[in-house]
Structure formats: structure tokens, C-alpha cells
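For reference, the structure is listed below as C-alpha cells.
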Number of protein chains: 2
Amino acid sequence: MPKIKTSKEEVLKKVIPILRSRGVQNSSMSELSKACGIQKSHFYYYFSNKEDLIREVLATVHSYFNYNLFKIIESNTLSLNEKVLKMKLLLDKLFRASDGGCIMANTALETIHLDPTYKKEIQSFFKDFILGLQRLLEVHHSTEKALLLAEQMVQDIEGGILLMQIYDDPKYLNNAMKRTETAILNL
Amino acid sequence: MPKIKTSKEEVLKKVIPILRSRGVQNSSMSELSKACGIQKSHFYYYFSNKEDLIREVLATVHSYFNYNLFKIIESNTLSLNEKVLKMKLLLDKLFRASDGGCIMANTALETIHLDPTYKKEIQSFFKDFILGLQRLLEVHHSTEKALLLAEQMVQDIEGGILLMQIYDDPKYLNNAMKRTETAILNL
DNA sequence: ATTATTTTAACGAACGTTCAGTAAAATGCC
DNA sequence: GGCATTTTACTGAACGTTCGTTAAAATAAT
């Protein structure tokens, strides 16, 4: 094989935090390539265009989220308390670590009224997010009540991510996570 | 030819729905001017630059929101039930009517990690949003409990606006509004 | 030599912004 | 009231810069 400076996976990994904090439109191919240490034209070796890159970024985030969330939820060895704890750590990693909040929510609000390209992926992500919470809530609630609560929890969390960023204060997301924990454990 | 074609107030009014649905970065001066029926160069007669235009747009939305919200809350003639109803209509008008959701949330997520220019205005808007809800909640709750609930309601509503746009379904915002009503009326 | 990886150089289009110019309206002067 | 001047409202063309994208050349591994 020829000398590999970087790989597609590496590019995706390095590009995610930038797109999350700066947004899709505000992240130029020049800026993204600089962060990867390659020429911007080299992006077109991996991706056919910018839209394609964003699509792959969202798919990567979604599959990472899904894999980890359902690994926790469907575990046979973890207690409900442990599952809640692990889920909180996962959400922290995705939504809090460094700046930028939730890349799915950010991209949704930025693009959904311009270009439906990413809509299905984003819908699918939130469907899984809600479904995951619903599964945990079903331990102590009925299926219908669990769904309604799961939707409320996702709204609470996403609103918390918004306020967290506006006020540079993690308490809003923390409070939403506490309320989610209370609902799941039925305290 | 050039009589008075438009005014600063008219420009602000026409520009708001576009900025709300397409975002700040995705709305070019050309596009905005076209929607106002004037040349883009004429924008610079009213505003010193694009940033200045956005700042005035946010200030306009904020003052419109504040005037109407606190007129309802501080009324001596309206019952609590009526206040809740009127508030719901106001939030509907601001967040639901046409596409785009909440311009304050959209602008926050789009710009807050790039440019702190709009941060103070957005912070101030959400401070007033929370304060307004807190006032209504204080009828049946303690001051501290009312604040915590008000923050939760704003998070719920903003998350609901997000899901409403992602799934083209008003139920998410509707549910958040119902929960807000329940909390205020202490049902 | 061939294939895979990466760079250099350039493209047209769109961006925000500036500026000289112009027509209508408002104002000042008689 | 009529005329000259200034101010207000607006246009159209152009500016330099950045955008996403492409083609071709260069480099490195098999």
C-alpha cells in the first residue's frame, strides 16, 4: 500500500467536533481539511462532495450512539440503576464534552428548511433516542406512558443542551438528566 | 422613480421569517433584499452591515415578545386560566406560525460558538421567557420551585419545537404546552 | 509499470460590502 | 408662490475574498 497519511475514518473523527460546534454551513472545506492536516482537494478522494461528507458524519454519529445505547439497554447483567448511570455517561460524552452540544439537533435546525438531505437520518436518530429511553421507562410504566415520557425527556434534554450553551452552565442539562433518572427509576 | 418604497421597520418585518427558517448564515443579503423588493446595496442605508441587521432583528423579536408576554402576566383583569390561554397563543404565533421555529434558539445554536455578538440578546430573551413562566407558576408554587419548573418548561418547549420541525408534527410542542398549563394551574 | 494516495493550481459562482450616481422630497430664500 | 439648494431614498455596477469543486501533476508502494 502507498504511504497513508490519513484514512477516511480518521477524517470523519477529526471533522465531527468542528461540525458540531461551528455548524455545517460555517465549516468550510478549507477549514475542515486544515484540521485534518490535508489539502482540501483530498477530501474529494474520500467523499464525492460536502453533502456526502456531512451525510457520512451523521451516519457515523448515529451508529456510534445506537451501538452504545442499545448495548447498555439490552444488557442482561446490568441493573436498572447501572443502566441509567451508563446512559448518562454516554449522553454526557455525546452532548456535553467540548463545545457544540448535539450535532443532530444543530444540523436539524440549520438545514431542515433548506435541504431535506439529512432529514431522514436525523429523524432516525431521534426515533432511536426516544425508543431507548422508552425501553428503560417501560420497567416501571406502561408502554404508552413510557413513550410519552420518553418524548418529554428527549425534549427536556435537548432544551437543556440549548440553555447549557447559551448560559455556559451545565446545570440545565444536569437537571434534565436528573429528571430522566427519576422517571426511569420511578422515584 | 425613487419614491419611498420601504422603511427600516418594513424591512425588519419582512426579513424575520426568512432568517428564522433559513438561518443567519444561509440567508444572503441578496436573498433578503429580493424579499424586500429592494437592491441589496440599499440595506447598507439602513444597517451598517449584516451583523447589525441581525442584531436589530433579534432586538425587535425580543421586544415584541416581552411587551406581549408581560402585558398578559401583569394584567389585573385576566384570570390565571385566561393568562395561560393567551400565553399559549403568543407562543404559537412566535414558534409555530409558518416554518422555522424559534429564531432565538436557531440563532443561538448557529452562532454562539463562532461569534459572541448575539449572545447577550439571546441570554436576555431566555431570561425573560423563564421569568415570565416563573411569575405564572408562583401562583401555586414557591419561588424556588417556580424557577426550576419554569426552566424545565422552557427546555420542554424548545425541545418540542425541535422535534416538531424534525417530524413535521405539532404534537411535540402541543404536549409541552399542555404540561406547562398543567404545572401553572396546578392540576 | 501500475496503482493508490496526495498536492498544486485553477475554476466559476456567490459572498458581504463599497461607491458614484440619480430622482424625488423637503427645505430655505425671495 | 416660484425657484434654488440640500437631504433623503434608492439603484446598478463593481470590489476583493471565499466558497465548493475539478483536473492534472507529483509522489509513494506494490
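Please read all numbers here as calculations on a predicted model, not as lab measurements. Reminder, nothing fancy here: chain letters follow the sequence lines and each chain counts from 1.
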Taking B/Asn175 for the side chain and A/Leu148 for the main chain, is one N or O donor matched with an acceptor at less than 3.5 Å?
no

Over all heavy atoms of both residues, which pair between A/Glu158 and A/Phe126 is shortest? Give the atoms and the distance, please.
OE2-CE2, 3.5 Å

Within the structure provided, determine whether B/Ile184 and B/Met153 are in side-chain contact (heavy-atom separation under 4.5 Å).
no

In numerical order, the residues of residues 21-38 of chain B whose heavy atoms come under 4.0 Å of DNA chain D are B/Ile38

Could you tell me the separation between the NZ atom of A/Lys8 and the P atom of C/dA4, rounded to a whole number of Å?
15 Å

Check ion pair A/Lys13-A/Glu9 (N to O, under 4.0 angstrom):
no

Examine the side chains of B/His62 and B/Asp128 and answer whether a donor and an acceptor come within less than 3.5 Å of each other.
yes

Close approaches to DNA chain D from residues 40-50 of chain B, in residue order (heavy atom, under 4.0 Å)
B/Ser41, B/His42, B/Tyr45, B/Tyr46

Using only atom types and a distance under 3.5 Å, with no angle test, would you say the side chain of A/Tyr167 pairs donor to acceptor with the backbone of B/Gln123?
yes

Angle between ring planes, A/Phe47 versus A/Phe43, binned at 30° and 60°: parallel, tilted or perpendicular?
tilted

Roughly how many Å is it from CD in B/Gln39 to P in C/dA23, rounded to a whole number?
16 Å

Do the charged groups of B/Lys86 and B/Glu82 touch, with an N to O distance under 4.0 Å?
no

